[in-house]
*Asks:* 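Quick one: the structure is below, and I'll ask about it shortly.
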Amino acid sequence: MNQPLAGFAPAPVTARMENHGNHMLKVAMQTGNDLLARVGSMVAYEGFVQYEPNPPAVRQIARDWITGEGAPLMKCTGDGLLYLADYGADVVVINLGGDGISVNATNLLAFDAHLSWGVERVKGLAKFAGQGLWNTKISGQGWVALTSRGTPIVVDCGGGENETYVDPDALVAWSPNLKVKGKRSFKAQSLIGRGSGEAYQMAFSGQGIVVVQPSEDSTDRLRIRG
């Protein structure tokens, strides 16, 4: 191999999912261990991998995605190495280990097909229509890959009485056991955010984490939905 390019060769496989650099996901595919991934996210693969866009199981669950919060998914099967990416966004790999996570659909890149998942309404936000009332909850023993517009920060809510406030357009994911509510803060509208949601935040409390990306440009979400 050309010496200047040798440093970009893939490393030996050590896990089901892992990063290749900051912006690409590498998945070790095996027959019987299928993957659900965002449609159009495949950038390369080795071996024998097949794709089925919008399989029946996904169509059944995705009926709740009528609000536009859904992400079209494809089923990936076979043996080999699969590489996924989403417009150069950072990729975050998570081994759930029996836990769960609630993810904004626009930040969902891939997850093991055997995991339990579904689209659910975010409790506590009923009066804030249009602010991402639907999310994808995933749980079980397996792997999930998220995307972030820049290097994310993971905030530990700590289980204390204090709440953690997040701009909705910067929110990536959170622990599903956290309590969520909406908050309007007109006095802070000149200090928080840059867009239409600058006077609105989501408040989280309880024991768990919140993943936040350093971008609150909602046009990214609109672009990748299509």
*Asks:* Which word best sums up how the rings of Trp174 and Phe204 line up, parallel for under 30°, tilted for 30 to 60°, or perpendicular for over 60°?
*Replies:*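 Ring orientation, 0 to 90° scale: tilted.
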*Asks:* So, for Gly206 and Cys157, which heavy atoms are closest and what is the spacing to 0.1 Å?
*Replies:* O-CB, 3.4 Å
*Asks:* With side chains defined as the heavy atoms from C-beta onward, is the minimum distance between Val210 and Val154 less than 4.5 Å?
*Replies:* no
*Asks:* Does the Asn104 side chain pair with the main chain of Leu171, one donor and one acceptor, at a distance under 3.5 Å?
*Replies:* yes
*Asks:* Run the salt-bridge test on Glu163 and Lys179 with the 4.0 Å N-O cut-off and return the result as yes or no.
*Replies:* no
*Asks:* Ignoring hydrogens, what is the shortest heavy-atom contact between Ser139 and Leu115? Give both atom names and the distance.
*Replies:* O-CD2, 3.4 Å
*Asks:* Under the criterion side chain to side chain contact (heavy atoms under 4.5 Å, CB included), which of Val212, Val211, Ile153 is the partner of Val172?
*Replies:* Val211
*Asks:* Give the minimum heavy-atom separation between Ile101 and Leu146, together with the two atoms involved.
*Replies:* CD1-CD1, 4.2 Å
*Asks:* Asp90: which residues meet the side-chain contact (heavy atoms from CB on, under 4.5 Å) condition with it, sequence neighbours left out?
*Replies:*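 For Asp90, the residues satisfying side-chain contact (heavy atoms from CB on, under 4.5 Å) (neighbours in sequence not counted) are Asn22, His23, Ser148, Thr151.
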*Asks:* Regarding Ser41 and Asp86, do their side chains bring together a donor and an acceptor under 3.5 Å, going by distance alone?
*Replies:*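 No - no donor-acceptor pair under 3.5 Å links their side chains.
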*Asks:* As a quick check of understanding, evaluate side-chain contact (heavy atoms from CB on, under 4.5 Å) for Gln141 and Leu96, giving each step before the final call.
*Replies:* CA-CA 6 Å; Gln141 294 282 350; Leu96 290 180; over 6 Å; no
*Asks:* So that I know where these two stand, are Phe111 and Trp143 an aromatic pair - ring centroids less than 6.0 Å apart?
*Replies:*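 No; Trp143 has its ring centre 6.0 Å or more from that of Phe111.
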*Asks:* Can you find a heavy atom in the side chain of Leu108 that is under 4.5 Å from one in the side chain of Val144?
*Replies:* yes
*Asks:* Can you name the nearest heavy-atom pair linking Thr147 to Ala89, along with the distance?
*Replies:*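 Result for this residue pair: CB-CB, 4.0 Å.
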*Asks:* Excluding sequence neighbours, so at least two apart, what forms side-chain contact (heavy atoms from CB on, under 4.5 Å) with Asn177?
*Replies:*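 If we apply the side-chain contact (heavy atoms from CB on, under 4.5 Å) test to Asn177, skipping adjacent residues, the hits are Ser175, Gln207.
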*Asks:* Does the side chain of Pro214 come within less than 4.5 Å of Arg149's, by heavy atoms?
*Replies:* no
*Asks:* Out of curiosity, Met29 CE to Cys76 SG, how far, rounded to the nearest 0.5 Å?
*Replies:* 5.5 Å
*Asks:* Looking at every heavy atom in both Leu178 and Ser205, which two are closest together, and how far apart are they?
*Replies:*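 So the minimum-distance heavy-atom pair works out to CD2-O, 3.4 Å.
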*Asks:* Can you tell if the side chain of Tyr51 reaches within under 4.5 Å of the side chain of Lys75, non-hydrogen atoms only?
*Replies:*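 A side-chain contact is absent here, since even the closest heavy-atom pair is not under 4.5 Å.
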*Asks:* Starting at NE2 of His114, measure out to CG of Leu35 and round the result to the nearest 0.5 Å.
*Replies:*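 Taking NE2 in His114 and CG in Leu35, the distance rounds to 10.5 Å.
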*Asks:* Residues in side-chain hydrogen bond (donor to acceptor under 3.5 Å, both in side chains) with Ser102, at least two apart?
*Replies:* Asn135
*Asks:* What's the spacing between Arg38 CZ and Thr106 OG1 if we round to 0.5 Å?
*Replies:*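 With rounding to 0.5 Å, CZ (Arg38) is 7.0 Å from OG1 (Thr106).
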*Asks:* If you define the side chain from C-beta out and look only at heavy atoms, does anything of Asn107 sit under 4.5 Å from Gln213?
*Replies:* yes
*Asks:* Compare every heavy atom of Leu25 with every heavy atom of Ala145, then report the nearest pair and how far apart it is.
*Replies:*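 Ala145 and Leu25 have their closest heavy atoms at CB-CD2, 3.5 Å.
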*Asks:* Quick one: does any side-chain atom of Lys26 pair with a main-chain N or O of Ala11 as donor and acceptor, under 3.5 Å?
*Replies:* yes
*Asks:* If you group Ile, Leu, Val, Met, Phe, Trp and Tyr whenever their side-chain heavy atoms sit less than 4.5 Å apart, what else falls in with Tyr83?
*Replies:* Val13, Met24, Val43, Leu81
*Asks:* State which residues pass side-chain hydrogen bond (donor to acceptor under 3.5 Å, both in side chains) with Asn19; sequence neighbours excluded, sorted by chain then number.
*Replies:*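 Partners of Asn19 under the side-chain hydrogen bond (donor to acceptor under 3.5 Å, both in side chains) test: none.
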*Asks:* Group every Ile, Leu, Val, Met, Phe, Trp and Tyr by side-chain heavy-atom contacts under 4.5 Å, then state whether Val27 and Met74 land in the same group.
*Replies:* yes
*Asks:* Between Tyr87 and Val91, is there a shared hydrophobic cluster once you connect ILVMFWY residues whose side-chain heavy atoms come closer than 4.5 Å?
*Replies:*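 Tyr87 does not cluster with Val91.
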*Asks:* Checking side-chain contact (heavy atoms from CB on, under 4.5 Å) for the pair Ile209/Val155: CA distance, chi angles, key distance, verdict?
*Replies:* CA-CA 5 Å; Ile209 63 169; Val155 180; over 6 Å; no
*Asks:* Test side-chain hydrogen bond (donor to acceptor under 3.5 Å, both in side chains) on Thr77 and Asp34 and set out the steps.
*Replies:* CA-CA 5 Å; Thr77 61; Asp34 300 337; 5.1 Å; no
*Asks:* Indicate, with yes or no, if Leu84 and Ile94 share a hydrophobic cluster defined by side-chain heavy-atom contacts under 4.5 Å among Ile, Leu, Val, Met, Phe, Trp and Tyr.
*Replies:* no
*Asks:* Residues two or more places apart in sequence or in another chain: which of them pass salt bridge (Lys or Arg N to Asp or Glu O under 4.0 Å) with Asp112?
*Replies:* Arg16
*Asks:* Just verifying a value: how many Å separate Asp79 CG and Glu46 CD, rounded to the nearest 0.5 Å?
*Replies:*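 Those atoms lie 13.0 Å apart.
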*Asks:* For Met42 and Leu82, what are the C-alpha separation, side-chain angles and deciding distance, and is it a side-chain contact (heavy atoms from CB on, under 4.5 Å)?
*Replies:* CA-CA 7 Å; Met42 189 276 292; Leu82 175 60; 3.5 Å; yes
